[in-house]
**Q** 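Input: one structure, supplied below.
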Amino acid sequence: MNLLAELRRRFHRALDGLCDDPSEYTSMVRPAQDARFGDFQANCAMPLGKATGKNPREVAGELVDRLDVGELCESPEIAGPGFINLRLRDDWLVAETSRMLSDPRLGHHAVETPRHVVIDYSSPNVAKPMHVGHLRSTVIGDALARVFRFQGHRVTADNHVGDWGTQFGMIIQGYRNFLDPAAYSAEPVAELSRLYRLVNRVAGYHDKRAALPGNRETLEERRLALAELEEAIAGGDKSRKGDAKKLRAEVAGLAELVSSDEAEVAAVEADAELATVAAGHPDIAEASRAETARLHAGDTENRGLWEEFLPPCLEVMESVYRRLGITFDLTLGESHYQPMLAAVVESLQTQGLASDSEGAVCVFIEGNDAPFIVRKTDGAFTYATTDLATIRYRVEELDADEMLYVVDARQGEHFRLLFETARQWGYADVEFAHVSFGTVLGDDRRPFKTRSGDTVGLESLLDEAVARARGIVDENDDGKPDGPELDESTRAAVAETVGLGGIKYADLHHNRESDYQFSWDKMLATNGDSATYMQYACARILGIFRRGEINRELLRDEPPAIVLEDDAERALAMALNRFADAVDITVVERRPNVLTGYLFETANTFSTFYNTCSVLKEEDPARRLSRLALCDLSARVFETGLELLGIASCDQM
RNA sequence: GCGCCCGUAGCUCAGUUGGAUAGAGCAGCGGACUUCUAAUCCGCAGGUCGCAGGUUCGAAUCCUGCCGGGCGUGCCA
């Protein structure tokens, strides 16, 4: 049963008549913070007392009188200023746990009114190799798609890949000038990505070289100005301290820019091949832009190349998804929307939403300085236009009720403008949400930037995780009391499951809004608060069933009486019964870390149970059966929960 | 300049939208494997929730001002 929702319904009824809007108060019913206060607590009497001018403890008393939770809870207790503490009745917990045993959904009720939710995630640029920066959107989006589906919604997972951008101009440019035909026929995608990096780097080299003198000059100017300021301050003019601080920051930033640009310029010039290319192609960036423009304009040659490049690129991308167990219902890239863009702009203009400004066509949203540019001065459309066309397509063709964009927080402003434009454009009934996540930081605590040539490729990250996991699998299995249990192929499979699970979990268990410090050790950790912890709990449970030759199906078909005499037993039953709530909250908040938190807590409760309550050796047959039932449920909660996060579990480890 | 976000234990992070004595993991210290897998469990230690005010029965959470950091900011996506 979705317990929290049920309790809130009961409170809603009790509150009806005591206040104008009960739903304002029902969210104040929540799990107890401290086991001493019972299982749940309601904090609504205090604010309600304030609103009505009554004594909060009296309000609590009145509320308790009207509250009907008889078969669920012991009689509620009022504590402190007016907290209402609830403890579930053991007989109810026992009955509900039995019911859960024969329920494939583990007590979770799906929503009554499903919505069609399009979830937009991963969305890498085709032809640029995937790196760790792509992980968050992919992993969070996949988890949300799974949880929303479980919740009963209709989900369309859409990979809005970048397949139409300037990177193709660069690749075409590279293909025409620097292709290694042998490499291309052997491994087309690797060669294309080499070409992309080459062109991108050389273009960057020219940009940096061109910008350097100006930047050096500005830096010198600022340094002088700063020196003057500091002199003035030293002379007693404290009022300019703020200015000095800003200037100091600017100087530091500029100095860093100049030195990193100098380093890059020197690096390119020191490399014989790069230097030759750079010298021979001073306007490579401009040429690449021209190739992109020709592609967009429908040039048959470029279009042909694009059509040649795209399939192998998509295939390589797919292979990474396959390994990660991530699937999409749709992969509609930017190119898919190209034919619709002109009509979008036209429609916006007709409705008076978009207007000309400095030669571009823009939508201005009140309260925002930045314009939402839907057509550039040169006539090209922007990703704003594409995103609007995508919304139109998803509503008109896919019949979407809701769209979630799992995208970096840095694009927050873009989405604010996009959603507001869409609403005014005629999609006010659709729910839009930017499911934003924080920046991936490097070891130096600064934003993880993919400096060319120095990226942590996604594939190598996965390989490393699996290799490390394999080491631990071997060590653990070799050290088992009765000797090793796993054969070679099982060990390899376990290492894959544990390694990939660890990477996903490392990402999911953070609050997605916070920035995130990339760390090999934590990403690959297999102890503590990690996916391995749940996988290990599963493996131990299945070990009990194997060793005891227990028929789990029978356990479910004929649920035994549940006995909750030991504290660890009751705590475990309680935790298991919170599964439905954890799923509900994860969906409402669109935050997978709610689910990871629940799973870790429950697995911890299980581990305590495992260490204090023997199962197979329990002599009382009733308790033994009851504990077997708790084990079966625990394993299913962990398996299901991990699956909702896109993480596989292990039978043996 | 303007806008958005962040500052919680040595480190990395939670904190269910204003609730009771602020919690985990890692690292540290001390215990628990002849008993279902020790990738585990139990315990100890560790905090002026950046600072200062304010709002109220009650603030890590809300408002204001500072300090420190990140990001975005008219034609990249």
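Just the heavy atoms: all of them, side chains too, but no hydrogens, waters or symmetry mates, feed the values below. Order of the sequence lines fixes the chain letters, A, B, ..., with proteins taken first and strands second; residue numbering starts at 1 for each chain.
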**Q** Is A:Pro56 touching bases, backbone alone, or none of the nucleic acid, heavy atoms closer than 4.0 Å?
**A**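 No contact.
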**Q** For the pair A:His134 and A:His131, name the ring-plane relationship: parallel under 30°, tilted 30 to 60°, perpendicular over 60°.
**A**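 Ring orientation of A:His134 relative to A:His131: tilted.
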**Q** Looking at A:Ser436, is its backbone amide N or carbonyl O close enough to the side chain of A:Arg512 to form a donor-acceptor pair, meaning the two atoms are under 3.5 Å apart?
**A**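 Checked: pair present.
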**Q** What's the verdict on salt bridge (charged side-chain N to carboxylate O under 4.0 Å, His left out) for A:Arg87 and A:Asp39, showing C-alpha distance, side-chain angles and the deciding distance?
**A** CA-CA 5 Å; A:Arg87 184 183 158 89; A:Asp39 300 315; 5.1 Å; no
**Q** Would you kindly check whether a donor in the side chain of A:Asp529 faces an acceptor in the base of B:A24, or vice versa, at under 3.5 angstrom?
**A**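 No pair found.
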**Q** Starting at atom CG of A:Asp387, determine the distance to atom C1' of B:A77, rounded to an integer number of angstrom.
**A**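 To the nearest whole Å, that distance equals 9 Å.
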**Q** In whole angstroms, how far is the C1' atom of B:A39 from the CE atom of A:Met534?
**A**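 Computing the A:Met534:CE to B:A39:C1' distance gives 12 Å.
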**Q** Less than 3.5 Å between a donor and an acceptor, one on the side chain of A:Thr166 and one on the base of B:C76, is that the case here?
**A**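 Not at all, since no donor on one side and acceptor on the other fall under 3.5 Å apart.
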**Q** Starting from the 5' end of RNA chain B, give me the residue, A:Ser27 or A:Val473, whose nearest nucleotide shows up first.
**A**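 The residue whose closest nucleotide sits nearer the 5' end is A:Ser27.
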**Q** Pick base, sugar-phosphate or nothing for A:Ala79, based on heavy-atom distances below 4.0 Å to the nucleic acid.
**A**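 Base, at least one base heavy atom under 4.0 Å.
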**Q** Assess, by modelled atom type and distance only, whether the side chains of A:Asn593 and A:Asn511 contain a donor and an acceptor separated by less than 3.5 Å.
**A**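 No - no donor-acceptor pair under 3.5 Å links their side chains.
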**Q** Using the C1' atom on both, measure B:G19 against B:A59 and round to a whole Å.
**A**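 So the two C1' atoms sit 10 Å from each other.
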**Q** Write down the distance between CG (A:Asp34) and P (B:U16), rounded to a whole number of angstrom.
**A**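 Distance, rounded to whole Å: 16 Å.
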**Q** From the set B:A39, B:U37, B:G72, return the single nucleotide nearest to any side-chain atom of A:Glu413.
**A**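 Nearest to the side chain of A:Glu413 among the choices is B:G72.
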**Q** Within the 4.0 Å heavy-atom criterion, would you say A:Tyr533 contacts the bases, only the backbone, or no part of the nucleic acid?
**A**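 Counting heavy atoms under 4.0 Å across all strands, the contact made by A:Tyr533 is with sugar-phosphate only.
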**Q** Just checking A:Ala409: base, sugar-phosphate only, or nothing, at a heavy-atom cut-off of under 4.0 Å?
**A**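 No contact.
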**Q** Classify the ring geometry between A:His296 and A:Trp164 as parallel (under 30°), tilted (30 to 60°) or perpendicular (over 60°).
**A**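 The arrangement is parallel - the two ring planes meet at less than 30°.
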**Q** Measure from the side chain of A:Arg540, starting at C-beta and using heavy atoms only, and say which of B:G74, B:A38, B:U16 lies closest.
**A**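 Nearest to the side chain of A:Arg540 among the choices is B:A38.
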**Q** I'd like the C1' distance from B:A60 over to B:C49, given in whole Å.
**A**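 About 5 Å, rounded to a whole number of Å.
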